[in-house]
Amino acid sequence: MSRNSRIILGSNQYGKAEVRLVKITRDTARHEIEDLNVTSQLRGDFEAAHLDGDTAHVVATDTQKNTVYALARQGVGSPEAFLLRLADHFTSSFDWVSGGRWAADSFGWDRIQAEGTGHPHSFVRNGQAVRTAVVVRDGDTAHVIGGLKNLTVLKSTESGFVGFPRDEYTTLTEVTDRILATDVAARWRYNTTDLDFNAMYDDVQRLLLEAFSENYSLALQQTLYEMGEKVLEAHPEIDEIKFSMPNKHHFLVDLSPFGLDNPNEVFFAADRPYGLIEATVLRDNASDAGNAWEGIAGFC
Ligand SMILES: O=c1[nH]c(=O)c2[nH]c(=O)[nH]c2[nH]1
């Protein structure tokens with residue numbers, strides 16, 4: 001086949017998406033569970049595969065899936081550490097693999113309560129946030145991005161929204177006492193790979209919840225910024241944090257047709273449309289993110 005010399009291959013990556021991995025650690029009768037959804041994508045010299053169908057460099061996506069399971073046999077530890085190990089494995093095993101992108105969602109399980117410290121091997125899926133992690137490896141450089149999504153929070157007072165501009169299309173009334181509710185999605189970029197990522201995750205989640213709850217909110221934008229600021233102040237290992245937060249509106253129901261008052265007690269929880277508040281909070285001297293954020297959808 002003759003080739004059009006003015007057409008070239010651009011950026012590319014490939015691998016296995018959403019490998020469902022459950023790892024039970026059962027060294028003792030008290031088991032531990034790790035539950036992840038892992039995506040592995042390789043980057044490097046794959047031009048011949050795209051141009052000629054030459055598979056000599058194509059580490060099969062099936063092999064990538066198997067590698068996820070095989071490396072899990074030695075333990076997961078934390079999503080971030082596990083993805084770093086996958087990155088190391090692929091870049092050191094195949095000369096032409098120069099890097100890639102590895103991502104995981106991880107799902108929490110709590111022990112079913114028994115006396116004392118909980119059941120040794122029975123768990124209930126934790127309905128709280130889904131933990132997210134991404135490792136982007138380019139040569140010897142690795143970027144690690146921790147995160148969470150679906151962290152649903154609500155405060156029933158200590159929030160208002162006043163002072164916004166009014167034009168011919170503005171109907172919103174000013175309120176100094178409203179419900180503020182959102183599903184927090186956040187991704188934060190570490191500036192080192194040598195960390196106890198599980199401890200970091202727990203502390204970032206704690207700080208996010210604390211910041212959401214502690215101050216009067218003049219706008220969801222302000223609360224978002226305070227959440228990011230609190231994380232960056234506490235953790236020099238994090239250079240930036242991105243948020244995407246829907247403003248889940250709760251409208252006061254007019255009960256006057258029924259002869260009833262409604263002192264901020266009965267609400268219609270609308271599911272759409274919703275406000276969508278997104279921002280990045282970062283250090284003014286943040287390290288270079290390179291292409292770390294590429295492919296992470298839904299943030300600005
Ligand atoms: O916290 C808020 N920020 C907004 O930008 C906004 N816009 C709106 O209609 N309500 C709100 N609330």
Side-chain angles (χ1 to χ4, degrees), residues 127-132 145-189 201 203-235 238-258 260-284 286 289 293 295-300:
Q128 274 211 352
V130 173
R131 178 170 170 180
T132 62
I145 296 176
L148 53 74
K149 60 185 177 185
N150 304 340
L151 181 66
T152 303
V153 289
L154 177 151
K155 57 202 280 181
S156 53
T157 187
E158 292 286 292
S159 162
F161 191 63
V162 301
F164 47 88
R166 306 200 75 88
D167 68 6
E168 66 269 40
Y169 301 122
T170 305
T171 58
L172 188 69
T173 50
E174 300 197 337
V175 285
T176 54
D177 189 1
R178 66 173 183 174
I179 284 178
L180 185 66
T182 187
D183 302 320
V184 181
R187 303 266 191 168
W188 51 91
R189 183 167 61 85
Y201 177 82
D203 203 51
V204 170
Q205 180 166 359
R206 181 186 68 79
L207 292 163
L208 293 174
L209 293 175
E210 210 173 272
F212 177 80
S213 59
E214 70 192 351
N215 292 328
Y216 183 91
S217 173
L218 291 164
L220 184 53
Q221 286 91 332
Q222 179 199 28
T223 300
L224 175 160
Y225 188 84
E226 286 181 356
M227 292 164 76
E229 190 176 36
K230 195 167 181 108
V231 168
L232 294 179
E233 277 174 358
H235 288 296
I238 296 173
D239 268 0
E240 58 179 320
I241 178 164
K242 290 180 183 283
F243 293 95
S244 178
M245 307 203 330
N247 188 359
K248 298 173 74 174
H249 305 302
H250 287 65
F251 296 112
L252 201 63
V253 178
D254 178 9
L255 298 179
S256 64
F258 322 118
L260 298 170
D261 67 355
N262 189 0
N264 261 347
E265 296 206 358
V266 179
F267 294 88
F268 162 54
D271 70 339
R272 65 193 69 174
Y274 48 88
L276 185 58
I277 312 299
E278 300 183 332
T280 302
V281 185
L282 73 166
R283 300 184 192 287
D284 63 2
W293 293 108
I296 298 187
F299 292 87
C300 69

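When a ligand or atom number is given, it counts from 1 through the structure's own listing order. Heavy atoms only: backbone and side chains are in, while hydrogens, waters and symmetry mates are out.
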S.K.: Distance from Trp188 atom CH2 to Phe243 atom CZ, nearest 0.5 Å?
M.R.: 8.5 Å
S.K.: For ligand 1, would you mind listing the residues that have at least one heavy atom less than 4.0 Å away, ordered by chain and number?
M.R.: Phe161, Leu172, Arg178, Ala219, Leu220, Gln221, Asn247
S.K.: Between Trp293 and Lys242, is there a cation-pi geometry (under 6.0 Å to ring centre, at most 45° from the normal)?
M.R.: yes
S.K.: Using a strict 4.0 Å threshold on nitrogen-to-oxygen distance, state whether Arg283 and Glu240 make a salt bridge.
M.R.: no
S.K.: Should the pair Glu210-Arg206 be classified as a salt bridge under the 4.0 Å nitrogen-to-oxygen rule?
M.R.: yes
S.K.: Working note: Arg187 + Lys149, criterion side-chain contact (heavy atoms from CB on, under 4.5 Å); need CA distance, chi angles, decisive distance, verdict.
M.R.: CA-CA 9 Å; Arg187 303 266 191 168; Lys149 60 185 177 185; 5.6 Å; no
S.K.: List the residues meeting salt bridge (charged side-chain N to carboxylate O under 4.0 Å, His left out) with Lys248, not counting sequence neighbours, and say none if there are none.
M.R.: Asp183
